[in-house]
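Report on the structure given below.
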Amino acid sequence: MGHIPIQHSVFDTDSDESVDLVRDAFSYQLKILARNMNEANYPIRFGDMNELNTMGTELLRMTSADDQVRVLLEECDEDRKKWMTFRDSDPSLFRSYITGVGSVPLKGKWLEIDDEGNPALSVDVEGIPARDAKGVGLLLEPDFILPTLNIEISAS
């Protein structure tokens with residue numbers, strides 16, 4: 001069997017064939033996840049190895065949408081690439097698969113908001129926030145210390 005020519009539609013991320021191929025791969029992965037969740041008696045069900053249920057199908061839709069958003073980022077113009085991340089995409093594509101509550105848009109560009117989601121006051125020439133509203137540096141600096149995340153796990 002020969003190689004697939006580079007002009008083949010599977011290499012065109014906008015082609016229906018390419019989108020279907022990626023969706024099929026995600027579907028298979030989610031079916032494996034569903035099987036494993038069922039075997040572990042996880043309280044949420046996405047279906048089984050043979051078929052995704054409504055919740056699993058919704059997760060597949062959002063997974064496929066997330067993939068397309070990331071692909072489209074690669075096709076942005078150079079100015080947009082300086083600031084745009086997948087978080088700046090259309091939030092209407094995503095919602096909680098448990099409650100159905102939709103995502104809301106950010107109050108500003110992802111790279112220009114502070115920890116509370118408000119637009120940062122200071123942005124450098126590249127469009128990257130240099131300081132948040134309190135004057136705290138948002139970029140990785142030598143004295144940058146990650147906060148400790150404390151998670152308690154208890155047996156029920």
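Not measured: the values here are computed from a predicted model.
- Separation of atoms CZ (Phe26) and CG (Asp66) is listed at 7.5 Å; rounding is to 0.5 Å.
- Under the 4.5 Å side-chain heavy-atom criterion for grouping Ile, Leu, Val, Met, Phe, Trp and Tyr, Leu106 is not connected to Val101 through any hydrophobic cluster.
- For the side chain to side chain donor-acceptor pair (under 3.5 Å) test, no residue two or more places apart in sequence or in another chain qualifies with Thr57.
- Between the side chain of Ser64 and the backbone N or O of Leu60, at least one donor-acceptor pair lies under 3.5 Å.
- Ile32 and Val22 end up in different hydrophobic clusters when Ile, Leu, Val, Met, Phe, Trp and Tyr side chains are linked at under 4.5 Å.
- Every residue two or more places apart in sequence or in another chain that forms a side chain to side chain donor-acceptor pair (under 3.5 Å) with Arg61 is listed here: Glu58.
- If you chain together hydrophobic residues whose side chains sit under 4.5 Å apart, Ile98 and Val104 never meet in one group.
- To the nearest 0.5 Å, atoms CH2 (Trp110) and CG (Asp88) are separated by 9.0 Å.
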#### Entry: Test side chain to side chain contact (heavy atoms under 4.5 Å, CB included) applied to Asn118 and Lys107, step by step
CA-CA 6 Å; Asn118 298 311; Lys107 294 177 185 174; 3.1 Å; yes
### Task
Evaluate the side chain to side chain contact (heavy atoms under 4.5 Å, CB included) criterion for residues Leu73 and Met84: first the C-alpha distance (whole Å), next the side-chain angles of each, then the deciding distance (0.1 Å), finally the verdict.
CA-CA 7 Å; Leu73 283 174; Met84 191 168 192; 3.5 Å; yes
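- The heavy-atom pair separating Ile44 from Met55 by the smallest distance is CG2-SD, 3.3 Å.
- Interatomic distance, Glu39 CD to Asp48 CG, rounded to the nearest 0.5 Å: 11.0 Å.
- Of all heavy-atom pairs spanning Leu93 and Met62, the tightest one is O-CG, 3.7 Å.
- The closest side-chain donor-acceptor pair between Asn53 and Arg45, if any, does not fall under 3.5 angstrom.
- Partners of Thr54 by side chain to side chain donor-acceptor pair (under 3.5 Å), not counting sequence neighbours: none found.
- The CE atom of Met37 sits 9.5 Å away from the CG atom of Leu30 when rounded to the nearest 0.5 Å.
- Judged purely by atom type and a 3.5 angstrom limit, Thr99 has no side-chain atom pairing as donor or acceptor with the backbone of Ser96.
- If you take SG on Cys76 and CH2 on Trp83, they are separated by 7.5 Å, rounding to the nearest 0.5 Å.
- No donor-acceptor pair under 3.5 Å is formed between the side chain of Ser103 and the backbone N or O of Ser92.
- Atom CG of Asn36 and atom CZ of Phe46 lie 12.0 Å apart (nearest 0.5 Å).
- Under the 4.5 Å side-chain contact rule for hydrophobic residues, Tyr42 and Tyr97 share a cluster.
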